[in-house]
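Just so we're clear, the structure is a prediction, and the values are computed from it rather than from any experiment.
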Amino acid sequence: MKSFLAFLVAVGTMVTLADAGCRTSLQVPGRPFRGCMWNGKLYPFGHIDRTEDCYKCSCDERSMECCDISATSFDYDRKKCKVVFKRKFCRYDVVQRDDPSQPCFVVGAAG
């Protein structure tokens, strides 16, 4: 019984820590790819630290799994602030609508 409880705790922890911003695409069997296609671009087999659209990926002959590496702010003053995506840094900044050079206070983010 104790080992079953330990198993449930371990599985529950893995599910909790899983990244909801991940997607997997299967490779087409028999296609002579030299890598994996992601959003119209061919990436080599192996680990890709960062794609052009801010994903970290793993590519092999069977599939490609990609996870979003940018955090999304979700709790801020939506009347006074707006979200701006900084592609160069793969992050979203929350700035004041009236003066975008000034950051806004953010309570939480996910990603």
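Closest approach of Arg34 and Leu42 over heavy atoms only: NH2-CD2, 3.6 Å. Closest heavy-atom contact between Phe45 and Cys59: CD2-SG, 3.4 Å. Shown here for Thr24 and Glu65, the closest heavy-atom pair between the two residues is OG1-CG, 3.6 Å. Of all heavy-atom pairs spanning Arg87 and Asp53, the tightest one is NH1-CA, 3.5 Å. Contact between Ser63 and Cys36 at its shortest, heavy atoms only, is O-SG, 3.9 Å. Shown here for Arg50 and Ile69, the closest heavy-atom pair between the two residues is CG-CD1, 4.0 Å.
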>> Apply side-chain contact (heavy atoms from CB on, under 4.5 Å) to residues Met37 and Gln27 and explain how you reach the verdict.
In response: CA-CA 8 Å; Met37 291 297 291; Gln27 295 286 75; 5.6 Å; no
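Connectivity analysis of hydrophobic side chains (ILVMFWY, heavy atoms under 4.5 Å, direct or indirect) links Tyr43 to Trp38, Ile48, Tyr55, Met64.
The same ILVMFWY cluster, assembled from side-chain heavy atoms under 4.5 Å apart, contains both Phe85 and Val83.
Atom SG of Cys104 and atom OH of Tyr76 lie 9.0 Å apart (nearest 0.5 Å). A distance of 14.0 Å separates NZ of Lys80 from CG of Asp99, quoted to the nearest 0.5 Å. Taking SG from Cys81 and CD from Gln96, the interatomic distance works out to 6.0 Å, rounded to the nearest 0.5 Å. Here the straight-line distance linking atom CG of Asp68 with atom CZ of Arg23 works out to 8.0 Å at 0.5 Å rounding.
Considering only residues two or more places apart in sequence or on other chains, Lys41 meets the side chain to side chain donor-acceptor pair (under 3.5 Å) condition with Glu52.
The SG atoms of Cys67 and Cys57 lie 2.5 Å or more from each other.
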